[in-house]
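Input: a single structure, listed below in structure tokens.
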Amino acid sequence: MRMSRLFSRTLRQAPTGADSKGYEYLLRAGFIKQLGAGIFSALPLGFRSLKKIEQIIREEMDRIGGQEISMPVVNPADIWKQTGRFYSIDKELSRFKDRVGRDMVLAMTHEEAVTALAAQEIDSYRQLPSLVYQVQTKWRDDPRPRAGLIRVREFTMKDSYSFDADHEGLVKQYERHYEAYFKIFGRCGLSVIAVGSDSGMMGGSVAHEYMYLSPIGEDTIIICDKCGYTANRQIAAFEKELFPEEMLPLEKVETPNTPTIKALAEYLSIPERKTAKAVFLMGTFTGEDQQEYQKLIIAVIRGDLEVEEAKLQKAVRAKELRGAADDEIRACSMEPGYGSPIGARDCIVVADDSVVGSQNLTAGANEPGYHLMNTNYGRDYEGITADIAAAQEGSACSVCGMPMRSSRGVEVGNIFQLGTRYSESLDCYFQDVEGKRKPVVMGSYGIGVGRLLACLTEEYHDGKGLKLPITVAPYQVHLVSLVKQGDEPEEIYKQLCDAGIEVLYDDRKDSPGVKFTDAELIGLPIQIVIGKRTLQEDAVELSLRGDGEKKLVPLSEITSVVQEHIRKLTEEITDSMVVESLPPSSP
RNA sequence: CGGGCUGUAGCGCAGGGGCUAGCGCGCUUGGUUCGGGACCAAGAAGUCGGCAGUUCAAAUCUGCCCAGCCCGACCA
């Protein structure tokens, strides 16, 4: 491609709002352009990178037996009603009516569509196992898009769906994906870790997320360096130290101006672990009649711990949680800042293991300025008991007991064992060897293509611009011509193209400085400079992005030398690839 | 959805009741230059986010709306 003809251009200054370096360079190098909040166009350079990522994904999906298909972005709402997600998902799912008034949705994922499709195609065990995938646009009306391509509303996703006759089959396909994903990310040059995750709105039991560890990530990952346990904090287990004691009688004490655990512990001179904290949330539930209703939830946890809302939401099976307002708390006979489940009414009490296993905790008296000492679960109040505590930096690993660390991560892929939830509700059944009708056992597997590119640009840049790995860079070679006369540049360009090498050829009439700066900004892995000086020696200058080392290459050897570099650079990526297998004891 | 900030030329910004709305970069034309964001000259380009109001007069003041960004809520 000639740069004089390139549709996009580079920007000297980043548009405002480009807060991360990766995003800034994507914009400045002319890879992407924003159209609206969380809505982006891919320009030629960005589009080429995205295509390369997709190609890698296709190859690895094909390798594990995937067959590519394409499913519609617009779905009739019926199938979403049948699985219940039309009702259970909030505004993130965009709905509209067609001209006849039929309910339609913009697919945010394709479990419904693929299950409806499989229901028509699959009727015998002989057709199983099966695996289909697509690279398709998704729309999710995220309440707050941000961070460039990391969190957008419209995006491209590779989603695959496995169909099996039984759970063992599903596990096999799941394992294959588990490894294939490491190959995909590895070939792109991104190191990720797989962590156990919450299955969220997908339902199902086992799920993993692939995390690119970075401070810009919005997920918190808990990692045990000792034994290798990793999990999203939303489900991360940890060992809680309990403090069992003989129960003592309740005692009401005056505790002015102590609405927080910290203030209370200081006022009474007791450690925070001797207190019970009440966290009030309003949960949205769907009743048996499909009607939504709200109910206050009081989560009780030991004062030295924090509530993990995802765990809590799971424990109470709420569709949604939000912080409760003060008057909503008072409506249930409790007092914000001095609250406890003792004396509460019309609400759901959830007690963390920590308050079940530790006695004589100081909790609110539901009266401003007063607390109760020696409250005890079971004697003074009851409710659902569960682990609803958030693991933190330093929490003890539930497997080996060592202190764990926490890290931020970006979720670039996920895999779910769905089971039969979708096949049952959409009537996707097959006949087994014995002629018995059974629901197909399904798995669902996603990779965010744009998000992956965003992570790659976060990982691969320096002060001057991008330096994407050769496997995903839009072109392999940046050919910079500094000479105004002679046919050499055109000949070299043609020669490289004819050899099947991907070349971005800077044939513009700009000054050398402009060309060098743009070459660094776009950051293609191999850079070739043709100058008067080099031509006098019948050579060009070749350098690799990042190492700054320049060497002269004779004109006659350019193609072979470039091919050798491409081979080596590609090899370096594949050599450093680490493919892990699904740990046998995984959740 | 709550809180905050910002909308003026392609990008980055200045101007903040008064007469033809500016600057840098970019763009166009001509010339010079030619290995690290060159120089000279001449140009093109903005209904100042929208609507309404106040005023003799609004980019400027007020209200409403829209859009984008940041924090939070939220989120496969």
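Since this is a predicted model, take the numbers as computed values, not measurements. Every chain is numbered from 1 and lettered A, B, ... according to where its sequence line falls, protein lines coming before strand lines.
Using a 4.0 Å cut-off between charged nitrogen and carboxylate oxygen, A:Lys21 and A:Glu458 do not count as a salt-bridge pair. Using a 4.0 Å cut-off between charged nitrogen and carboxylate oxygen, A:Glu111 and A:Arg85 count as a salt-bridge pair. Between A:Glu218 and A:Arg151 there is a salt bridge, since at least one side-chain N of the basic residue sits less than 4.0 Å from a carboxylate O of the acidic one. Ionic pairing of A:Arg58 and A:Glu54 is present here: one or more N-O contacts between side-chain nitrogen and carboxylate oxygen are shorter than 4.0 angstrom. Using a cut-off of 4.0 Å between Lys/Arg side-chain N and Asp/Glu carboxylate O, A:Lys515 and A:Asp510 are scored as not salt-bridged. A:Arg408 and A:Asp219 are not joined by a salt bridge, as no carboxylate oxygen comes within less than 4.0 angstrom of a charged side-chain nitrogen. Note on A:Arg2 versus A:Asp507: salt bridge recorded, some NZ/NE/NH1/NH2 to OD/OE distance being below 4.0 Å.
Here A:Arg9 does not reach the OP1 or OP2 of B:G10: none of its side-chain N or O atoms lies under 4.0 Å away.
Taking 4.5 Å as the limit, every side-chain heavy atom of A:Val477 sits out of range of all side-chain heavy atoms of A:Leu504.
The nucleotide whose nearest atom lies closest to any side-chain atom of A:Val514 is, among B:G35, B:G68, B:G37, B:G37. Nearest nucleotide to the side chain of A:Phe516, out of B:C69, B:G10, B:G36: B:G36. The side chain of A:Ala37 lies closest to B:G68, out of B:C27, B:G35, B:G68. In this structure, the nucleotide among B:A76, B:G12, B:G35 sitting nearest to the side chain of A:Thr16 is B:G12. Between B:G35, B:C74, B:A76, one nucleotide has an atom nearer to the side chain of A:Arg151 than all others, and that is B:C74. In this structure, of B:G35, B:G37, B:C34, it is B:C34 that holds the atom nearest to the side chain of A:Lys484. The side chain of A:Glu520 lies closest to B:G36 when the candidates are B:G36, B:C11, B:A38.
Atom C1' of B:C51 sits at a distance of 14 Å from the matching atom of B:U47, rounded to the whole Å. As rounded to the nearest Å, B:G63 and B:A58 have C1' atoms that lie 15 Å from one another. Comparing B:G43 with B:G7, their C1' atoms sit 29 Å apart, to the nearest whole Å. Nucleotides B:G26 and B:G46 place their C1' atoms 15 Å apart, quoted to the nearest Å. Rounded to a whole angstrom, the distance from the C1' atom of B:A76 to that of B:G3 is 28 Å.
Cation-pi check for A:Arg140 over A:Phe155 is not met; the charged atom does not lie both under 6.0 angstrom from the ring centroid and within 45 degrees of its normal.
When ring centroids are compared, A:Phe182 and A:Tyr210 come within the 6.0 Å threshold.
For A:Gln13 against B:G24, a side-chain-to-base donor-acceptor contact under 3.5 Å is present. A:Glu541 contributes a side-chain N or O that forms a donor-acceptor pair with the base of B:G35 under 3.5 Å.
Scanning RNA chain B for stems, defined as runs of 3 or more consecutive Watson-Crick or G-U wobble pairs whose donor-acceptor distances all fall under 3.5 Å, gives the following ranges: B:1-7 with B:66-72, B:10-13 with B:22-25, B:27-32 with B:38-43, B:49-53 with B:61-65.
Between the CD1 atom of A:Ile150 and the P atom of B:C69 there is a distance of 15 Å, given to the nearest Å.
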Expected rows: protein N/O vs nucleotides 70-72 of chain B N/O, under 3.5 Å:
from, atom 1, to, atom 2, distance (Å)
B:C70, OP1, A:Asp19, OD2, 2.9
B:C71, OP2, A:Arg144, NH2, 2.3
B:G72, N7, A:Arg144, NH1, 3.3

Polar-atom pairs under 3.5 Å, protein N or O versus N or O of nucleotides 28-32 of chain B: list them with distances, or write none.
none

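Side-chain polar atoms of A:Tyr460 and A:Arg545 form no donor-acceptor pair below 3.5 angstrom.
Of the possible donor and acceptor atoms, one in the side chain of A:Asp506 sits under 3.5 Å from a partner among the backbone N and O of A:Arg508.
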